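Working notes, structure below.
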Amino acid sequence: MDIVTIDGPTSSGKNSVGFLLAQKLGYQYIDSGSIYRAGCIFILRKQIPLEIKEKIVEQFMNLQIEVKVSNQSMRFLANGEDVTDHLHDGDVTKIVPIVAAIRQVREATRLIQQKLAQSKNIVMTGRDIGSEIFPNAKFKFFLTADVEIRANRRFKQLVQKDPAVKYEDVLKDMQERDQQDSEREVSPMRVPKDAIVIDNSNLTVEQTVEQILKQIYAQS
Ligand code: C5P
């Protein structure tokens, strides 16, 4: 099975790029951040304190994930329930980097990721996909963009839901999350050594996908 990995920081365009790229290639798209987020939805619902690591890990060991595409959008099912519309809730976003830094959570999630890729060609996005999860993937990319540009992209999404959101707060949160993801002890975000780096600060999603496709065809 062919695997295309796309790693990169938050709001680097990974998800839109991954989704469109998968459509063009006829591959299944999987956003690994959604797996961590789905587990966090159950942790919050069950009110499990973040200090009780065993209980947190247990949620991930029992997590059943299915990904479906319906009407041009990706639906994410966790333990049989469609959780797509809650993946980006504020309370989930707040705890996900803390939960994702737990070694056994990452091990459980690795198994889920590898199982999802067993029988299909996939495009998977995340932070450590090309480095840790699929080190032998055929095509590896790392997407990035200036932090101000990424914060502005996220701000534009958030302000539609809540007009009181401030750009400065979004920027500060993003800088904090970048730091948490790249300085954590377990599987920190890194550019995989054989990945092609694309800075898409001044590129649209379509232009970024075009660049990736060019590289894939050149290497095929
Ligand atoms: O990509 P997204 O912003 O949805 O990811 C949410 C969080 O999940 C990240 O901030 C990171 O802490 C964690 N994550 C991770 N490894 C991945 C994907 C996401 O640690 N492969």
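Any value given below was found using the heavy atoms of this structure, including those in side chains, with hydrogens, waters and symmetry copies removed. Numbering of ligands and ligand atoms starts at 1, following listing order. Quantities reported herein were computed from a predicted structural model and do not represent experimental measurements.
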Results of side-chain hydrogen bond (donor to acceptor under 3.5 Å, both in side chains) for Arg154 - residues two or more places apart only: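 Only Ser11, Gln157 meet the side-chain hydrogen bond (donor to acceptor under 3.5 Å, both in side chains) criterion with Arg154.
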Residue pair Leu203 / Ile198, side-chain heavy-atom distance below 4.5 Å: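 Yes, side chains in contact.
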Any Tyr29 side-chain heavy atom under 4.5 Å of Val123 side chain: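 SC-SC contact between Tyr29 and Val123 confirmed.
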Ligand 1: protein residues within heavy-atom distance under 4.0 Å: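 Only Thr10, Lys14, Ser32, Gly33, Tyr36, Arg37, Val96, Pro97, Ala100, Arg106, Gly126, Arg127, Asp128, Ile129, Arg177, Asp181, Arg184 have heavy atoms that fall under 4.0 Å of ligand 1, ordered by chain and number.
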Can you find a side-chain donor-acceptor pair between [X] and [Y] that sits under 3.5 Å?
X: Asn152; Y: Tyr167; value: no
X: Ser131; Y: Asp128; value: no
X: Arg37; Y: Thr93; value: yes

